[in-house]
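Have a look at the structure below, then the notes.
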Amino acid sequence: MKFNLNRQPLKWAAGICTVFCFLALFRLLGRENTPTGDEPAYGAGQFGLFVEELFREEVKANTVNLHFTLAYPEKYGIGDYEATLGSYSLEDFEKAHSQMDELVEELQKFDLSEFSREQKLTYDILLDYANLQLSAKDYTLLEEVLGPVTGYQIQLPMLLAEYTFRTRQDIEDYLVLVSQVDDVVEEIAAFEKEKSQAGFFMPDYAVDAVISQCNEFIANPEENYMIEIFNDRIDSFGGLTWEEREGYKEENFSIVTTQVASGYQSLVEELKQLKGSGDNQQGLCYYEGGKEYYEYLVRAATGSDGSVTELQERTEEFIENYYDVLEKALFQDTSLYSRMLGCQPSATEPEEILEEAAKKAEEDFPTPPAAGCTVKYVHPSLEENGILAYYLTTPVDDVENNVIYINKKNLNMEEKTQADFYATLVHEGYPGHLYQNVYTASCGLPLIRNLLSYPGYTEGWATYVECEYGFGFAVEDEAVAELLSQSQLFSLAVSSYMDMGIHYDGWSRPEAKEYLARLGIADEEMVDEFYEFMVEEPACYLSYFIGCLEFMDLREKAQGRLGEAFDARGFHQFLLEMGPAPFYVIEEYMEEWLGEQIQEEEP
């Protein structure tokens, strides 16, 4: 049986926040001796063994995923595995979807009557995730692995560039993985050809964007950043002789300049041949089954059980209210706008911001385990991708060593004030992704939970703390902080509304331009680029905006029920200890938590 999970080892913030998501395929070995027919169901004790085995088999099936999940896999009984990037053929995609049925069947054989609260939570989340993936099994050819931001062609090299060398085995694994890039890229090219033949190939402008990225990556193979970064890491790795260092460097150089470069060149040639075969230059809803597939993407991106129509209505309401709030605020305080433009945060250097934000977060957030953070800068060859900053998610057994990357080129973007930059580092650092990752890792959640991606929770949390706290941390002027916060959410709301309009309602390019023009956005070139990005990256912004709204709803509900007894620190602790999950599950368990809080307050 195969089981499709995914993990996001990188968290990005770009412009008004661009989601980054690395999708990987994982394989689950066939199960034997499972109860069938009249045999008794599994019990609570067997469930623990089941999820442990499930994790071990899943995480071994893709070594990049293994590496970003566990720093020392041998400590978890994973000492024998084959270094592999996995498989990305159409057959594997279809198996990964269709055989989810078997996982659901196995889960349904468990007797939940004696499950602990923690086991029931893991069960609920795992079953939700499996059913969610099953809802997309008929739309395999609508999946796209070559997006301009979430695409394999750009993400894999960047992940390999961040492949930490803790042991000699890590170096050996890395070289095996790099040597497989051409084979995997060949599988992806074949998958794109299948999409083309079935009428699901990408628009021409998307092809051009991917080709451009591939050409840029292999323009000067001997100067590729994968060579420079690898050499730096080898030089800093202790315990190697000079001959061993040079041997590793030569091997990596040879693989990158031949196999990797030729693999990417072959992909470019295949895409050139396929260009023009994509009849649809607009949103997903113009493909057969595209509207249903988009509904799946929205559910996967947000973790919300609201329909697309309901989310559209909620987003439209927020946009309309923003204008009312903005008009009222500026009318009542005529100096507010100028104060916002001239506001200066108390800290401006990245390290100072992270330190200050961590201290300010202590009042409303539980104390996390001790963890360090190193600020690094994006390699010059990657500065053109528009990223402002991103957090590199650490393995669950190495949360002490965290890294946040910053793009120097984008530090002085005109649309980014210093307060915006401060809030971005709150999003990536404290109490955003870094804090969330470190704290949740300390809660002892079953390891299988680390393979289930709920970006609505992870990105929603980071956006929630950015907007509810980040700007307030940055500037003392409460009115300015509130306006900056609402403006950030407004940008995400407009982007999300456009996304749903394009992919669900079928907005054409002129219709999207008309909508943005009504909002005062009329730059033709920018609007064209924005429209094309939306088509290429469906549901991109929804995890940020809808996820944030879901957290705000949970907080409003808790405050309404608890009144003066509401404690932000305790509320956040509950959410962090829940870990990534769909919001309807979180809300269900929050009812229990609220009941406990009310009982504690009763005389």
Side-chain angles (χ1 to χ4, degrees), residues 41 43-45 47-48 51 107-108 110-132 299 302-307 310-311 314 361-369 431 435-446 448-450 452 454 456-465 467-469 546-603:
F47 183 69
V51 295
L107 287 172
Q108 291 175 340
F110 283 96
D111 178 4
L112 309 185
S113 62
E114 296 183 358
F115 272 34
S116 67
R117 178 186 181 280
E118 290 72 21
Q119 286 179 314
K120 181 64 165 57
L121 175 60
T122 299
Y123 179 91
D124 289 343
I125 294 171
L126 192 54
L127 185 61
D128 171 87
Y129 198 86
N131 282 325
L132 177 62
R299 181 75 180 273
T302 66
S304 172
D305 59 353
S307 67
E310 290 171 339
L311 298 182
R314 180 76 189 277
E362 291 175 357
E363 182 177 352
D364 278 3
F365 296 85
T367 304
Y435 168 86
Q436 177 192 45
N437 185 61
V438 169
Y439 191 93
T440 301
S442 72
C443 294
L445 301 180
I448 190 65
R449 297 276 307 275
N450 292 281
L452 308 180
Y454 282 99
Y457 177 97
T458 53
E459 295 299 348
W461 169 271
T463 306
Y464 160 74
V465 299
C467 294
E468 286 286 299
Y469 291 90
I546 299 300
C548 179
L549 291 188
E550 290 282 358
F551 277 111
M552 290 178 172
D553 287 347
L554 292 172
R555 178 166 182 152
E556 182 180 357
K557 180 177 182 178
Q559 288 177 314
R561 292 276 295 277
L562 298 177
E564 294 183 0
F566 175 80
D567 173 56
R569 188 182 177 96
F571 171 69
H572 292 144
Q573 181 175 342
F574 160 75
L575 293 174
L576 290 163
E577 290 178 351
M578 282 287 296
F583 285 104
Y584 80 90
V585 171
I586 295 174
E587 188 169 10
E588 176 186 335
Y589 282 80
M590 194 175 81
E591 284 292 334
E592 178 183 334
W593 177 79
L594 287 171
E596 294 170 353
Q597 306 308 303
I598 293 172
Q599 283 185 343
E600 291 178 3
E601 291 297 320
E602 292 177 350

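Residue His572 is tested with Tyr435, Trp593, Tyr464 for a ring-ring contact (aromatic ring centres under 6.0 Å, His included); the sole match is Tyr464. Applying the salt bridge (charged side-chain N to carboxylate O under 4.0 Å, His left out) test between Arg561 and each of Glu556, Glu596, Glu591 identifies Glu591 as the sole match.
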Residues 580-587, side-chain donor-acceptor partners within the protein, below 3.5 Å, at least two apart:
residue : atom : partner : partner atom : Å
Tyr584  : OH   : Asp128  : OD1          : 3.0
Glu587  : OE2  : Lys557  : NZ           : 3.1

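Partners of Arg569 according to the salt bridge (charged side-chain N to carboxylate O under 4.0 Å, His left out) rule, which considers only residues two or more places apart in sequence or in another chain, do not exist here. Remark: Asp111 pairs with no residue by the salt bridge (charged side-chain N to carboxylate O under 4.0 Å, His left out) rule, at least two apart or across chains. Checked against ring-ring contact (aromatic ring centres under 6.0 Å, His included), Tyr589 has no partners two or more places apart in sequence or in another chain. Taking Arg314 as the reference, Asp553 meet the salt bridge (charged side-chain N to carboxylate O under 4.0 Å, His left out) condition, with sequence neighbours excluded.
Annotation: Gln559, atom CD; neighbour count of heavy atoms from other residues, nucleotides and ligands within 6.0 Å is above 12.
Contact record, Tyr439 with Thr367: CE1-O, 3.6 Å, taken as the closest heavy-atom pair. Among all heavy-atom pairs drawn from Pro446 and Thr122, the shortest one is CG-OG1, 3.4 Å.
If you take OG1 on Thr463 and CD1 on Ile546, they are separated by 11.0 Å, rounding to the nearest 0.5 Å. Note: Leu311 CG to Arg299 CZ = 10.5 Å, rounded to the nearest 0.5 Å. Atom-to-atom distance recorded for Glu564:CD and Leu562:CG is 11.5 Å, nearest 0.5 angstrom. Rounding to the nearest 0.5 angstrom, the gap separating the CG atom in Leu121 from the CE atom in Met578 is 4.5 Å. In this structure, Leu575 CG and Met590 CE are separated by 7.5 Å, a value rounded to the nearest 0.5 Å.
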Derivation of the side-chain contact (heavy atoms from CB on, under 4.5 Å) call for Tyr454 and Arg449: CA-CA 10 Å; Tyr454 282 99; Arg449 297 276 307 275; over 6 Å; no

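Applying the salt bridge (Lys or Arg N to Asp or Glu O under 4.0 Å) test to residues at least two apart or on different chains, the pairs with a partner in residues 115-125 are Arg117-Glu592, Lys120-Asp124.
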